[in-house]
Protein chains: 2
Amino acid sequence: MFPIIRADSPVPIFEQIERYWVFRIATGHPQPGEFLPSVRKLAQKLLIHPNTVVNAYEQLEGAGIITARRGVGMEVTMEAPGICKKRREEMVKLRLQEILAESTQGGMSPTEILRLLRVEIKTREDNKA
Amino acid sequence: MFPIIRADSPVPIFEQIERYWVFRIATGHPQPGEFLPSVRKLAQKLLIHPNTVVNAYEQLEGAGIITARRGVGMEVTMEAPGICKKRREEMVKLRLQEILAESTQGGMSPTEILRLLRVEIKTREDNKA
DNA sequence: ACAGGTGTACTAGGTAGATAGAACACTTGG
DNA sequence: CCAAGTGTTCTATCTACCTAGTACACCTGT
């Protein structure tokens, strides 16, 4: 239910939280009108400082994905699903581009990347079963 | 020839440099016995501080990929190609795993990731031609 | 010998991210 | 009304990373 946070990742925690909700809302949960977990609750759940959650939520609010309702919570906007779907695809594309750039620059072929991805997907499926 | 550095990336510059040489050496250039560009030259080329290059080279030396030769330069070791090939595959795998974890956690299917990767590869090929 | 290139080491300062703790403003339900 | 929950704001501190500048130790070709 709650995002998996890696403190050792070079990606800032607040950004990991932001990305998580973009992906979730793009998928349909939570829907417009529903609320995100409160700043304090999420902070407690993730064992991080509330201010870090505030930081993440401010990013989402700035993008028009949620609106802050004092004394109530952070409400998912009507436009959120559309915005998040676009952003999600953009984010995945950017990551893939980074891998491709780094790999080809280092002399690795795109075909090899494709093969590794297929292997990873199969490994994940096997671990599930 | 020289690595492309993104100062705005969450990945530290010294780590970007480190990754670059791992990929290059895994591919066969430079070879064992050859030298990496000097701390000062690379720093000048990348418009960064020499200390940052030192940091990157220390990582490579710690991994047994290069040996520092005072007054001469940083020499690629005999074991470097083997080490770098392993590390390169590990690094790409880790990146792919991160994307898969984030995406599936957010409700995106692995098949969709595969499709996006194919699109990106094709786009890159088209841009070349 | 020496000049110019190498790696190495050190102190200092700046920024971004995260933490810590406190205080304030608002809404809701009892 | 008021207690408990919400979002908001603030100062302070810590760490990692990068920059800046300097100095030192070493090797090589002339």
Side-chain angles (χ1 to χ4, degrees), chain A residues 2-21 25 30 32-77 80 98, chain B residues 2-21 25 30 32-77 80 98:
Chain A
F2 284 107
I4 298 164
I5 297 304
R6 303 179 197 238
D8 61 319
S9 168
V11 180
I13 295 177
F14 80 89
E15 205 171 316
Q16 294 183 47
I17 299 174
E18 183 190 356
R19 294 175 71 93
Y20 173 77
W21 289 116
I25 295 170
E34 294 187 327
F35 289 84
L36 263 50
S38 82
V39 167
R40 290 173 183 81
K41 274 190 183 167
L42 187 55
Q44 191 178 2
K45 193 81 183 179
L46 302 179
L47 302 175
I48 59 177
H49 197 274
N51 284 357
T52 304
V53 179
V54 168
N55 196 347
Y57 282 6
E58 278 174 351
Q59 306 296 319
L60 293 170
E61 190 181 21
I65 294 167
I66 58 178
T67 52
R69 305 181 64 91
R70 275 199 161 196
V72 183
M74 310 298 291
E75 186 179 9
V76 178
T77 65
E98 281 171 5
Chain B
F2 285 108
I4 299 164
I5 296 304
R6 303 178 197 237
D8 61 320
S9 168
V11 180
I13 294 177
F14 79 89
E15 205 173 314
Q16 295 182 48
I17 298 173
E18 184 190 355
R19 294 175 69 92
Y20 174 79
W21 288 116
I25 294 171
E34 295 186 329
F35 289 84
L36 264 49
S38 82
V39 167
R40 292 173 181 80
K41 272 190 186 168
L42 187 55
Q44 192 180 2
K45 193 81 183 178
L46 301 179
L47 302 176
I48 61 178
H49 196 274
N51 284 356
T52 304
V53 180
V54 168
N55 195 348
Y57 281 7
E58 279 174 351
Q59 305 297 319
L60 293 170
E61 190 180 21
I65 295 168
I66 58 177
T67 52
R69 304 181 65 90
R70 275 198 163 199
V72 183
M74 309 300 289
E75 186 178 10
V76 178
T77 66
E98 282 171 6

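The chains referred to below are lettered A, B, ... by the order of the sequence lines, with proteins before strands, and numbering in each begins at 1. Remember, predicted model here, so these are calculated numbers, not experimental data.
- Under the 3.5 Å distance criterion, the side-chain polar atoms of B:Gln16 are matched with a main-chain donor or acceptor of B:Arg6.
- Shown here for A:Pro30 and A:Trp21, the closest heavy-atom pair between the two residues is CD-CZ3, 3.9 Å.
- Residue order along DNA chain D, read from the 5' end via each residue's closest nucleotide, puts A:Val39 first among B:Phe14 and A:Val39.
- The outermost nucleotides of DNA chain D lying under 4.0 Å from heavy atoms of chain A, listed 5' to 3', are D:dG5 to D:dC10.
- Among the protein residues, A:Asn51 comes within range of the nucleic acid bases, having at least one heavy atom under 4.0 Å from a base atom.
- Put simply, CZ on A:Phe35 and OG1 on A:Thr67 are 7.5 Å apart, with the number rounded to the nearest 0.5 Å.
- Here the straight-line distance linking atom OG1 of A:Thr52 with atom CG of A:Leu46 works out to 10.0 Å at 0.5 Å rounding.
- Counting non-hydrogen atoms of neighbouring residues, nucleotides and ligands closer than 6.0 angstrom, the CD atom of B:Glu61 exceeds 12 such neighbours.
- Atoms CE and CD, on A:Met74 and A:Glu58 in that order, are 8.0 Å from each other to the nearest 0.5 Å.
- Around CD of B:Glu34, the count of heavy atoms belonging to other residues, nucleotides or ligands within 6.0 Å exceeds 12.
- The residue among B:Glu58 and A:Val72 whose nearest nucleotide of DNA chain C lies closer to the 5′ end is B:Glu58.
- Checking A:Glu15 against A:Arg40, the closest nucleotide of DNA chain C that is more toward the 5' end is the one next to A:Glu15.
- Scanning both residues, B:Pro10 and A:Pro10, for their nearest heavy atoms gives CB-O, 3.4 Å.
- The span of DNA chain C lying next to chain B, judged by atoms under 4.0 Å from heavy atoms, is bounded 5' to 3' by C:dG5 to C:dC10.
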